[in-house]
Novice: 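My structure is below; once you've seen it, I'll send some questions.
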Amino acid sequence: MSQIVRAVTLPVALIAVLLLASCGNGLPNSSQVTVTVTPAQATIAVGGTVALDGDATGFTRSPIVVWWVQEAHNGGGDDCGYLQPPPVSPCQYGYVIFNSVTQFPSSATYYAPLTPGTYHVTFQATQNTAFDYLSKTATATIIVTP
């Protein structure tokens with residue numbers, strides 16, 4: 001009887017492995033995903049604002065989105081990307097406000113600091129599965145003039 005069980009179990013196990021391997025992880029191939037920010041570059045006065053749009057092609061489902069100011073993105077917590085305006089901005093590089101992490105394509109507004117300089121606003125789109133994720137970013141260069 002154990003030979004019959006082994007004879008049936010082995011092919012069933014092989015079929016299961018082949019089926020799982022052929023399913024993939026549900027994510028698109030990274031090289032097929034393109035993320036963009038429009039405009040890619042803008043010049044604004046100190047204290048001014050600029051509207052930005054983030055979009056992507058190639059994802060198989062709508063991604064989760066976030067925005068941040070690259071100069072503030074140091075892994076310490078506050079990356080100056082908010083869903084609501086902060087009561088007082090702690091961000092010396094300006095800050096960006098976006099409406100939702102699930103709204104896609106995504107719109108945001110960058111609020112320039114009072115210090116002239118070149119700043120970078122990053123848009124990130126991430127598609128998740130139960131076991132993996134794929135993130136892509138695009139960055140807009142904002143030149144803040146006196």
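Please read all numbers here as calculations on a predicted model, not as lab measurements.
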Novice: With a 4.5 Å cut-off on side-chain heavy atoms, are Asp78 and Cys91 touching?
Specialist: yes

Novice: Start with the C-alpha distance between Lys136 and Thr34, add both sets of side-chain angles, then the distance that settles side chain to side chain contact (heavy atoms under 4.5 Å, CB included), and finish with yes or no.
Specialist: CA-CA 7 Å; Lys136 290 280 193 151; Thr34 303; over 6 Å; no

Novice: Let me check something: do Tyr93 and Phe98 share a hydrophobic cluster, defined by ILVMFWY side-chain heavy atoms less than 4.5 Å apart, either directly or through other members?
Specialist: yes

Novice: Indicate yes or no: at least one non-hydrogen side-chain atom of Leu52 is less than 4.5 angstrom from one of Pro39.
Specialist: yes

Novice: May I ask whether Val65 and Tyr133 are part of the same hydrophobic cluster, defined by side-chain heavy atoms of I, L, V, M, F, W, Y residues being less than 4.5 angstrom apart, directly or through others?
Specialist: no

Novice: Out of curiosity, Trp67 CH2 to Thr137 OG1, how far, rounded to the nearest 0.5 Å?
Specialist: 11.5 Å

Novice: State yes or no: do Ile143 and Val96 share one hydrophobic cluster built from I, L, V, M, F, W and Y residues joined by side-chain heavy-atom distances below 4.5 Å, directly or via other members?
Specialist: no

Novice: Please find the pair of heavy atoms, one from Val35 and one from Ala125, that lie closest to each other, and give the distance.
Specialist: CG2-CB, 4.5 Å

Novice: Is the shortest heavy-atom distance from the side chain of Tyr119 to the side chain of Pro113 under 4.5 Å?
Specialist: yes

Novice: Got a second to check how far Ile142's CD1 is from Gln41's CD, nearest 0.5 Å?
Specialist: 8.0 Å

Novice: Between the side chains of Thr60 and Gln127, is a donor N or O closer than 3.5 angstrom to an acceptor N or O?
Specialist: yes

Novice: For residues Tyr95 and Pro86, report the shortest heavy-atom separation together with the two atoms involved.
Specialist: CE1-CD, 3.8 Å

Novice: Is it the case that the side chain of Glu71 and the backbone of His120 share a donor-acceptor pair, with hydrogens and angles ignored and the cut-off at 3.5 Å?
Specialist: yes

Novice: Mind checking whether Thr38 and Asp55 have side chains closer than 4.5 Å, heavy atoms only?
Specialist: no

Novice: Report the relative orientation of the aromatic rings in Trp68 and His73; use parallel for angles under 30°, tilted for 30 to 60°, perpendicular for over 60°.
Specialist: parallel

Novice: Treating Ile, Leu, Val, Met, Phe, Trp and Tyr as nodes and any side-chain heavy-atom pair under 4.5 angstrom as an edge, say whether Ile97 and Val46 lie in one connected cluster.
Specialist: no

Novice: Would you call the rings of Phe59 and Phe104 parallel, tilted or perpendicular if under 30° counts as parallel and over 60° as perpendicular?
Specialist: perpendicular

Novice: Using a 4.5 Å cut-off on heavy atoms from C-beta on, say whether the side chain of Val69 contacts that of Tyr110.
Specialist: yes

Novice: Within the 4.5 Å heavy-atom criterion, are Val144 and Ile44 side-chain neighbours or not?
Specialist: yes

Novice: Please lay out, stage by stage, how Val121 and Val37 fare under the test side chain to side chain contact (heavy atoms under 4.5 Å, CB included).
Specialist: CA-CA 9 Å; Val121 178; Val37 173; over 6 Å; no

Novice: Looking only at the side chains, is there a donor atom on one of Gln124 and Thr126 sitting less than 3.5 Å from an acceptor on the other?
Specialist: yes

Novice: Do Ile64 and Tyr82 land in one hydrophobic cluster if side-chain heavy atoms of ILVMFWY residues count as linked below 4.5 Å?
Specialist: no

